[in-house]
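Values below: all heavy atoms of this structure, side chains included; hydrogens, waters and symmetry mates excluded.
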Amino acid sequence: MSEMAVLARGVYGVWLREIMRATRDRGQLIGGVSRPLIWLLILGVGLNPYFRGEVYGQVNYVIPFTYLQFLFPAVIVLNIMYTSIQFAVSVIWDREFGFLREVLVSPLPRSLILLGKVLGGATVATMHGVLVLLLARFADVNMSVQQIVTAIGLMFVLSFGLTSFGILLAARVRSFEGFGVFSNTLILPLYFTSSSVFPLDPSLSRTQAVMSYPEWLVFLVRANPITYAVDALRGVLINFNQLPPHIGLAVIAGMCVVFFVAALVDFNRS
């Protein structure tokens, strides 16, 4: 067997272990289903009547979509964020119980060990994103096969970057409790400042947006990389972009490279 085949089998083994561990965890599956249901049923349905304006007695939506349709891609990103970043708890678990030490002394290079773990986390997070796609009919989102395939590919790339980010955090936060608190205080601010639950009018320039919204809010939305991920997925699923589509793809790809390299640097030091 060639050396490349041996290395590939090693990566596959690490990937498969992460997949098996995640699929046996019923809590993750329940959370992956209940979380989008709560957001779509309560927030989406509850705020849908207010997501419109009335001009001369005629009701029009603020953007040409219902609030459920507008929120749907953002809930997919939320599910991916939770799963990807919380997946990094497995790194703390492996470190606490000595499994990581055993893997690190194996002949498999550390870069490939990390790649296997990140691919495993990205696969699980993508699966949780696909669970939300199953609710598309409920949200009145009609998708072609091409849109579904493109969306899944985009979700996997996003999951890869966010899983790398989660592992980077796990290398610096050493306890289960500390990581749980820190990750939760990070996920929701990132999500809420990503134009996920409210739109910044795409027809406004930055100067006009600052006149309509607080300047600090416009800055946070523009500086948040999740903004571009949500916008890219909206463009694929409901054909609505608040930003140029190529920017979202570039930001997601950049997240993958930057976070994976940063996680690899920390992983090599451990």
Side-chain angles (χ1 to χ4, degrees), residues 63 65 69-85 87-88 111 114-115 118-119 121-123 125-126 128-130 132-133 141 143-144 146-169 186-187 189-210 213 215-266:
I63 60 173
F65 300 97
Q69 292 170 328
F70 177 80
L71 188 64
F72 181 71
V75 173
I76 294 177
V77 173
L78 178 65
N79 231 25
I80 289 174
M81 287 177 66
Y82 265 106
T83 308
S84 297
I85 296 179
F87 169 83
S111 59
L114 177 63
L115 178 62
V118 173
L119 287 175
T123 303
T126 303
H128 281 232
V130 171
V132 187
L133 283 181
V141 175
M143 300 175 293
S144 64
Q146 182 180 359
Q147 284 176 300
I148 293 173
V149 172
T150 304
I152 292 175
L154 191 63
M155 287 154 51
F156 182 81
V157 178
L158 175 62
S159 300
F160 188 95
L162 289 175
T163 302
S164 300
F165 178 61
I167 292 177
L168 180 63
L169 292 179
L186 186 67
I187 290 173
L190 281 174
Y191 179 71
F192 281 117
T193 57
S194 64
S195 191
S196 55
V197 295
F198 59 88
L200 289 183
D201 192 334
S203 65
L204 300 181
S205 66
R206 188 187 184 285
T207 303
Q208 292 171 322
V210 168
Y213 304 95
E215 185 170 1
W216 59 267
L217 181 59
V218 175
F219 172 78
L220 289 177
V221 171
R222 300 282 184 180
N224 187 351
I226 304 300
T227 297
Y228 304 91
V230 172
D231 189 69
L233 201 56
R234 279 201 184 110
V236 172
L237 294 178
I238 64 173
N239 297 314
F240 174 73
N241 288 100
Q242 298 179 93
L243 302 161
H246 66 276
I247 295 180
L249 297 175
V251 170
I252 294 174
M255 287 170 58
C256 283
V257 175
V258 172
F259 290 145
F260 183 79
V261 171
L264 181 59
V265 171
D266 275 359

For a quick test of reading the model, state the closest non-hydrogen atom pair linking [X] to [Y] and the distance between them.
X: Gly121; Y: Thr163; result: C-OG1, 3.6 Å
X: Leu264; Y: Ser111; result: CD1-CA, 3.5 Å
X: Ile238; Y: Gln69; result: CD1-O, 3.7 Å
X: Val197; Y: Phe70; result: C-CE2, 4.1 Å
X: Gly235; Y: Asn241; result: CA-OD1, 3.4 Å
X: Ser164; Y: Val118; result: OG-CG1, 3.5 Å

Flag the pair [X] / [Y] as yes when at least one side-chain heavy-atom distance between them is below 4.5 Å, and no otherwise.
X: Val258; Y: Phe165; value: no
X: Phe160; Y: Val257; value: no
X: Phe156; Y: Leu119; value: yes
X: Asn239; Y: Gln147; value: yes
X: Arg222; Y: Thr227; value: no
X: Val132; Y: Phe72; value: yes

(message) What verdict does the side-chain contact (heavy atoms from CB on, under 4.5 Å) test give for Leu162 and Met255, after you've listed the backbone C-alpha separation in whole Å, the side-chain angles of each residue and the deciding distance to 0.1 Å?
(response) CA-CA 8 Å; Leu162 289 175; Met255 287 170 58; 3.8 Å; yes
Straight-line distance of [X] [atom1] to [Y] [atom2], nearest 0.5 Å:
X: Leu237; Y: Leu154; atom1: CG; atom2: CG; result: 8.5 Å
X: Ile148; Y: Met143; atom1: CD1; atom2: CE; result: 4.5 Å
X: Met81; Y: His128; atom1: CE; atom2: NE2; result: 15.5 Å
X: Leu233; Y: Leu158; atom1: CG; atom2: CG; result: 8.0 Å
X: Leu217; Y: Ser195; atom1: CG; atom2: OG; result: 9.0 Å
X: Asp231; Y: Leu243; atom1: CG; atom2: CG; result: 4.5 Å

(message) Is there a side-chain contact (heavy atoms from CB on, under 4.5 Å) between Ile167 and Phe259? Walk through the geometry before answering.
(response) CA-CA 9 Å; Ile167 292 177; Phe259 290 145; over 6 Å; no
(message) Using the rule given for side-chain contact (heavy atoms from CB on, under 4.5 Å), can you reason through Phe260 versus Leu114, listing the C-alpha separation, both sets of side-chain angles and the distance that settles it, and then say yes or no?
(response) CA-CA 9 Å; Phe260 183 79; Leu114 177 63; 3.9 Å; yes
(request) Examine distances only and state if a side-chain atom of Arg234 and a backbone atom of Ser196 form a donor-acceptor pair shorter than 3.5 Å. (result) yes
(request) List the steps and the verdict of side-chain contact (heavy atoms from CB on, under 4.5 Å) for Leu249 and Val157. (result) CA-CA 9 Å; Leu249 297 175; Val157 178; over 6 Å; no
